[in-house]
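Right, one structure below, let's go through it.
Lettering of chains follows the sequences in order, A, B, ..., and the numbering in each one begins at 1.
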Amino acid sequence: GNSVTQMEGPVTLSEEAFLTINCTYTATGYPSLFWYVQYPGEGLQLLLKATKADDKGSNKGFEATYRKETTSFHLEKGSVQVSDSAVYFCALSPEGNQFYFGTGTSLTVIP
Amino acid sequence: DTGVSQDPRHKITKRGQNVTFRCDPISEHNRLYWYRQTLGQGPEFLTYFQNEAQLEKSRLLSDRFSAERPKGSFSTLEIQRTEQGDSAMYLCASSLAHRSLTSTDTQYFGPGTRLTVL
């Protein structure tokens with residue numbers, strides 16, 4: 001079946017620290033992979049995506065590389081800011097219709 | 001910028017009552033999705049439409065749930081005889097599918113309707 005496993009939180013980092021949020025997946029076929037972010041009091045927003053193996057998605061200093069051999073799509077950022085505090089969701093879409101989401105990882109960045 | 005909107009934002013109801021939620025997608029989007037999200041979990045897929053056709057329904061969608069998208073624009077999600085276990089955030093998303101059945105479209109989410117069943 002299709003599923004996403006995300007690193008459990010909450011994660012607390014100091015400003016300018018390096019961030020990694022792990023995401024691994026199980027899927028049939030060749031899914032597209034996504035990271036969504038949910039800021040406090042707001043709806044889910046697409047952060048980045050990758051549609052095939054070895055693709056790297058990037059946005060706002062965040063990056064994730066689609067690794068088929070390890071079935072992973074880990075989210076990284078070199079230097080986090082207080083404004084990055086949010087809940088991050090990894091998701092996959094095996095056929096472009098239904099999405100499967102992870103449970104979310106809460107990130108708090110302290111000054 | 002008119003994103004996905006949902007109404008109401010909050011709904012409190014008593015067990016056994018019926019509730020209906022509305023979703024207005026981004027105007028040119030032909031696909032519309034409903035998800036349910038409970039505390040500490042990611043969104044779970046319920047159903048989706050391509051234009052007015054309901055193409056897929058999750059096993060999570062019991063007979064008490066029904067969704068419509070009569071003119072291929074807005075959609076409604078009705079829950080009949082609500083139960084306490086229905087308490088959750090109901091999310092709507094829309095996308096523009098460029099190909100008939102498969103796509104890597106980005107889904108744009110609304111703010112959600114938070115349902116509390118007492």
Side-chain angles (χ1 to χ4, degrees), chain A residues 1-11 21 23-53 55 57 59 66 73 75 86-106, chain B residues 1 3-7 9-10 23-26 29-51 53-61 89-114:
Chain A
N2 298 294
S3 66
V4 173
T5 302
Q6 254 183 268
M7 163 181 168
E8 290 198 13
V11 174
I21 301 178
C23 171
T24 58
Y25 67 90
T26 302
T28 53
Y30 303 96
S32 295
L33 301 174
F34 302 79
W35 277 100
Y36 277 80
V37 59
Q38 188 168 30
Y39 297 103
E42 298 184 17
L44 284 163
Q45 302 174 25
L46 177 69
L47 181 59
L48 53 86
K49 71 177 184 182
T51 59
K52 60 183 188 295
D55 268 3
N59 186 26
Y66 188 140
F73 193 55
L75 182 68
V87 181
Y88 293 82
F89 293 92
C90 185
L92 71 85
S93 179
E95 296 175 349
N97 42 35
Q98 180 175 162
F99 272 44
Y100 297 84
F101 285 85
T103 54
T105 301
S106 174
Chain B
D1 176 22
V4 179
S5 61
Q6 292 186 245
D7 183 68
R9 295 290 305 275
H10 302 274
C23 171
D24 287 88
I26 293 171
H29 284 185
N30 52 3
R31 285 192 175 177
L32 187 148
Y33 308 77
W34 285 100
Y35 292 83
R36 179 171 66 190
Q37 185 178 17
T38 53
L39 198 62
Q41 300 297 314
E44 296 174 298
F45 171 80
L46 293 178
T47 187
Y48 93 97
F49 294 82
Q50 172 127 343
N51 301 313
Q54 189 172 16
L55 295 187
E56 193 168 340
K57 293 198 297 185
S58 163
R59 283 168 292 189
L60 291 175
L61 212 64
M89 178 75 85
Y90 290 84
L91 299 172
C92 176
S94 70
S95 70
L96 179 61
H98 294 283
R99 289 171 289 186
S100 59
L101 288 176
T102 61
S103 175
T104 57
D105 327 307
T106 297
Q107 295 191 10
Y108 294 86
F109 283 80
T113 295
R114 182 169 295 284

* To do: Heavy-atom distances under 4.5 Å only: say whether B/Glu56 touches chain A with side chain, backbone, both or neither.
  => side chain
* Asked: Is it true that atom OH of A/Tyr100 has more than 12 heavy atoms of other residues, nucleotides or ligands lying nearer than 6.0 Å?
  -> yes
* Steps toward side-chain contact (heavy atoms from CB on, under 4.5 Å) verdict (A/Phe99, B/Tyr35) -> CA-CA 9 Å; A/Phe99 272 44; B/Tyr35 292 83; 3.1 Å; yes
* Asked: Taking atom CZ of A/Phe34 and atom CD of B/Gln107, what is their separation to the nearest 0.5 Å?
  -> 7.5 Å
* Please list, in residue-number order, every residue in residues 36-46 of chain A that has a heavy atom less than 4.5 Å from any heavy atom of chain B; write 'none' if there are none. => A/Tyr36, A/Gln38, A/Gly43, A/Leu44, A/Leu46
* Kindly compute the distance separating CZ (A/Phe89) from CZ (B/Phe109), expressed to the nearest 0.5 Å. => 9.5 Å
* To do: Please look at B/Glu44 and chain A and tell me whether the side chain, the backbone, both or neither of the residue comes under 4.5 angstrom of a heavy atom of that chain.
  => neither
* Asked: Can you name the salt bridge (Lys or Arg N to Asp or Glu O under 4.0 Å) partners of B/Asp7, sequence neighbours left out?
  -> none
